[in-house]
Protein chains: 2
Amino acid sequence: MNYETLLREHHLKVTPQRLGILSLMHTMGHINIEELYAQIKEQFSSISLATLYKNINAMVENKLVTEVKVPNVKSKYEITKEPHIHLLCSACSEFIDLDLDLHPLLDAASSKSHYELHGSCIVLSGLCEKCQKEL
Amino acid sequence: MNYETLLREHHLKVTPQRLGILSLMHTMGHINIEELYAQIKEQFSSISLATLYKNINAMVENKLVTEVKVPNVKSKYEITKEPHIHLLCSACSEFIDLDLDLHPLLDAASSKSHYELHGSCIVLSGLCEKCQKEL
DNA sequence: GTATTTGCAAATGATTTGCAGTGCT
DNA sequence: AGCACTGCAAATCATTTGCAAATAC
């Protein structure tokens with residue numbers, strides 16, 4: 001993925017810090033502010049939390065990045081993609097994407113409610129396969 | 001609904017403040033901390049925010065109440081019920097429940113991921129019927 | 001060259017904690 | 001009676017803001 005292009009397409013200037021943020025977000029899949037700050041300090045030891053917040057906010061406003069609010073844990077951030085399901089394991093905190101066709105659900109929701117839908121935040125929680133066996 | 005019984009069933013002591021909180025939550029459907037504080041002050045003028053937080057947290061821990069994390073706005077609280085969809089209008093901030101059969105989705109998610117699912121937080125956002133017409 | 005971004009420090013906002021007094025069972 | 005709850009004040013944690021120096025375009 002070319003992060004420079006991605007930034008420019010979303011009307012954001014290219015800075016080394018932003019490239020670092022996107023690269024981490026891409027390799028981690030989902031990441032919260034705390035983890036992001038810890039990781040990015042390894043590349044930019046003097047980066048400040050304020051910069052991180054400003055950048056994340058700018059990216060979310062420009063829809064380059066999506067915030068996923070998750071019950072019980074801190075918000076995660078991911079590079080924006082098509083609507084999909086998130087799964088959270090309440091034992092080991094694994095947090096993964098699940099690509100299922102959401103159109104049947106979205107269509108049903110839309111026609112029953114007469115809403116014109118633009119976004120979704122779907123988090124299902126339970127036990128992952130591994131944790132089911134270990135408990 | 002009998003709030004006293006509800007509290008006892010969830011191993012929480014009955015206090016006037018808690019009855020007030022549940023009553024408001026039931027009549028409002030969904031409510032955030034700020035709204036709740038403003039409303040409950042009319043019944044208990046000396047109630048403190050700390051008490052409100054402690055009670056909400058206790059109720060959430062005992063699963064009497066569910067926190068709904070919503071993108072862009074403050075968390076809402078509701079009396080716990082079966083999994084369902086929430087709809088948020090991004091123009092007028094209407095926030096409503098939509099009762100659709102979620103079993104097809106949950107079953108598909110479960111069998112594809114091998115997760116044993118326990119909870120869901122589903123928020124769809126868009127424009128309500130009224131706001132579509134006005135824009 | 002101009003506008004934006006960065007990093008620091010300080011300010012704000014939200015939530016939690018400690019504790020003395022009160023109320024529930 | 002004993003333990004949990006309330007309300008206050010203070011502490012903590014998360015996020016935002018203001019500003020001078022550095023950087024992007």
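Note on naming: letters A, B, ... go to the chains in the order of the sequence lines (proteins, then strands), and numbering restarts at 1 for each one. Since the structure is predicted, the reported quantities are computational estimates derived from the model, not experimental observations.
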Please find the pair of heavy atoms, one from B:Leu117 and one from B:Leu106, that lie closest to each other, and give the distance.
CD1-O, 3.7 Å
More than 12 heavy atoms from other groups under 6.0 Å of NZ on B:Lys63:
no
B:Leu49 CG to D:dA11 C1': how many Å, rounded?
16 Å
Centroid-centroid under 6.0 Å between A:His30 and A:Tyr77 rings:
no
Can you tell me the distance, in whole Å, between the CG atom of B:Asn55 and the P atom of D:dC5?
8 Å
Atom-pair distance (CG on A:Asn32; C1' on D:dT15), nearest Å:
14 Å
For a quick check of understanding: with a heavy-atom distance under 4.0 Å over all strands, which category does A:Thr51 fall into, base, sugar-phosphate or nothing?
base
Using atom CG of A:Leu7 as one end and atom P of C:dT4 as the other, report the distance to the nearest whole Å.
16 Å
Within this structure, what is the CD1-to-P distance between A:Ile33 and D:dT15, rounded to whole angstrom?
7 Å
Nucleotides 18-25 of chain D: protein proximity per nucleotide (B base, S sugar-phosphate only, - neither; heavy atom, under 4.0 Å)
B-----SS
So, the side chain of A:Ser23 versus the backbone of A:Leu19: is there a donor-acceptor pair under 3.5 Å, distance only?
no
Less than 4.0 angstrom between a side-chain N/O of B:Asn57 and OP1 or OP2 of C:dT16, yes or no?
yes
Would you mind reading off the distance between B:Gln43 atom CD and D:dT6 atom P, rounded to a whole angstrom?
14 Å
Under the 3.5 angstrom rule, does the side chain of A:Ser120 hit a backbone N or O of A:Ile122 as a donor-acceptor pair?
no
Roughly, in whole Å, what's the span from CD1 in A:Ile56 to P in D:dA14?
16 Å
Contact class for A:Ile47 (heavy atom, under 4.0 Å): base, sugar-phosphate, or nothing?
sugar-phosphate
Separation of B:Gln17 atom CD from D:dA4 atom P, in whole Å?
17 Å
Does a sphere of radius 6.0 Å around CG in B:Asn72 hold more than 12 heavy atoms from other residues, nucleotides or ligands, not counting ones at 6.0 Å or beyond?
no
Give me the atom names and distance for the closest heavy-atom approach of A:Lys112 to B:Asp99.
NZ-O, 2.7 Å
